[in-house]
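Side chains included, hydrogens not; waters and symmetry mates left out as well; all remaining heavy atoms used. Each chain gets a letter, A, B and so on, in the order its sequence line appears, and its residues count up from 1.
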Protein chains: 2
Amino acid sequence: MSIACDTCVVRNRAICSVLDTDELVALNRIGRTRTISAGQTLMWEGEDSALVANVLDGVLKLSTGTEDGREQIVGIVYPADFIGRPFGARAQQTVTALTEARVCVFARGDFDAFAREHPALEHKLLQRTLTELDRARHWMLLLGRKSAMEKMASFLLEMSERLVQNGCTPDAGPLDRFTLPFGRQQIADILGLTIETVSRLLTKLKNDGVIDLPSRREVAILQRDILHHRAG
Amino acid sequence: MSIACDTCVVRNRAICSVLDTDELVALNRIGRTRTISAGQTLMWEGEDSALVANVLDGVLKLSTGTEDGREQIVGIVYPADFIGRPFGARAQQTVTALTEARVCVFARGDFDAFAREHPALEHKLLQRTLTELDRARHWMLLLGRKSAMEKMASFLLEMSERLVQNGCTPDAGPLDRFTLPFGRQQIADILGLTIETVSRLLTKLKNDGVIDLPSRREVAILQRDILHHRAG
DNA sequence: CGCGGCTTTGAGATACTTCAAGAGAGGTGG
DNA sequence: CCACCTCTCTTGAAGTATCTCAAAGCCGCG
């Protein structure tokens, strides 16, 4: 039987990788592919959790905000990552596409039921969730205890590691040049800073010869060791 | 057969609650109870993850730090909570007892193997991990975007909800008076502030009549609505 | 009573924000 | 192809929340 998953670009990296063909057929039946344009929101904080999804392509952000409009980005989602809140009634974060994105969506109830019948899938999801929890807690150190420059340096280093093309190329280590899927305000919302501070820090790093900024969203790391040093 | 779990105080709230008697006997065989005195550390960040545990009694903190000694508390662990990093080689946080604590510990390898054979246990663990992840991400908003006073007010409100005696008393809602398991420096390490700022904020809240501080570690909330308002 | 650790309070320093313009980039239409 | 517009980003100057440094107060405990 031929199904969409056969040609799925994240087939071997998403949580689905633990499923055999029959199981994949069953999962495929309850899901569908959806395209989201940049800036569009897939689910809202506080809304009831109706959907979960696998990311096929693109980058999305998870964010929370205060009543008066301050925003904090709490997670960045890449291809093969899972989004949504299974086994829970409410979505706790807003999910918004930063680039055009393709996701494989499931009604939460359907997915929950399927997962409960497939322990291997739940196990994979558990592993991912544990990793995400470690990552979130590590980010709390950055938010709570690092200076603005340390935050920025840490951020650039993390991006150089995470934005590696997840394509066919064998793992080539961190990139020395990459295009951010964020504008300055979004970097500020990730680091808990203001847009002006972000701009000043980037200019300073550029003037110090640590990085180069070929265009608005491109970054080239010229002196990784120094950047590392500034990350605290 | 009589086992320790029969009289376990968290029997119905810890992840073990999904196990039947036979399973509990098996799990009991690979675990043992251990007492930790206040201030003692159970596992260290970066060390390999040898243990996992259920908390029976007491309060512990999860923390990470920078090389130069700055610390951020990233989680607080109460009775019936699970600690450690199953299915992963390294502990990502340091776990330290804040009060004298009793925990039910397992060698990580033993626990991993047991969990893989008991999907219901993994499911329960997944649910907990998802909840913890939501909590951690919510805390990121506090760390990144809230003012010192907003942080303190949010903290006091959260404590009044989480420190509810988990004993036999039916759920009685948030406490208006409680004893913190933290000193001032630890509150600072939770909120990403300095000890002096923490002290000043508490005295201000007291002078404003919003709270009372009967002793060093006791807090009484006098005007919950105002505290809520100051939490942002 | 006196000692040591924790906490409070004060005064001054500063990192980051806020407010306010100006410059640059990218897109659109003439 | 250039002029224009808008949106984002940069830069500057001033303000302020929080930190740092320093000293004194409190409290439990031997």
(message) Between the base of D:dT20 and the side chain of B:Arg200, is there a donor and acceptor pair under 3.5 angstrom?
(response) yes

(message) Any salt bridge linking A:Glu45 with B:Arg137? Criterion: basic side-chain nitrogen under 4.0 Å from a carboxylate oxygen.
(response) no

Distance-only donor-acceptor pairs under 3.5 Å for side chains of residues 225-232 of chain A, two or more places apart:
residue  : atom : partner  : partner atom : Å
A:Arg230 : NH1  : A:Asp208 : OD2          : 2.9
A:Arg230 : NH2  : A:Asp208 : OD2          : 3.1

(request) Inspect the contact between A:Arg177 and A:Asp212 and indicate whether a charged nitrogen and a carboxylate oxygen are less than 4.0 angstrom apart. (result) no

(message) To the closest 0.5 Å, what do you measure between CG (B:Asp134) and OG1 (B:Thr129)?
(response) 11.0 Å

(message) From CD1 of B:Ile195 over to C1' of C:dC6, roughly how many Å is that when rounded to an integer?
(response) 7 Å

(request) Would you indicate what A:Ser199 reaches in the nucleic acid, counting non-hydrogen atoms under 4.0 angstrom: base, sugar-phosphate, or nothing? (result) base

(request) Give a yes/no on whether any side-chain N or O of B:Thr197 is located under 4.0 angstrom from OP1 or OP2 of D:dC19. (result) yes

(message) C:dT8, OP1 or OP2 - any side-chain N/O from B:Arg184 closer than 4.0 Å?
(response) yes

(message) By the 4.0 Å heavy-atom rule, please label A:Leu202 as base, sugar-phosphate, or nothing.
(response) nothing

(request) Describe the nucleic acid contact of A:Ser215 in one word from base, sugar-phosphate, nothing, applying a heavy-atom distance below 4.0 Å. (result) nothing

(request) Confirm from the modelled atom types if A:Glu196 and C:dC19 form a donor-acceptor pair under 3.5 Å, side chain to base only. (result) yes

(request) Record whether the side chain of B:Arg216 comes under 3.5 Å of the base of C:dC6 through a donor-acceptor pair of N or O atoms. (result) yes

(request) Take the protein atom NZ of A:Lys206 and the nucleotide atom P of D:dT11, then report the distance between them rounded to whole Å. (result) 8 Å

(request) Check whether any side-chain nitrogen or oxygen of A:Thr194 sits under 4.0 Å from OP1 or OP2 of C:dT18, and answer yes or no. (result) no

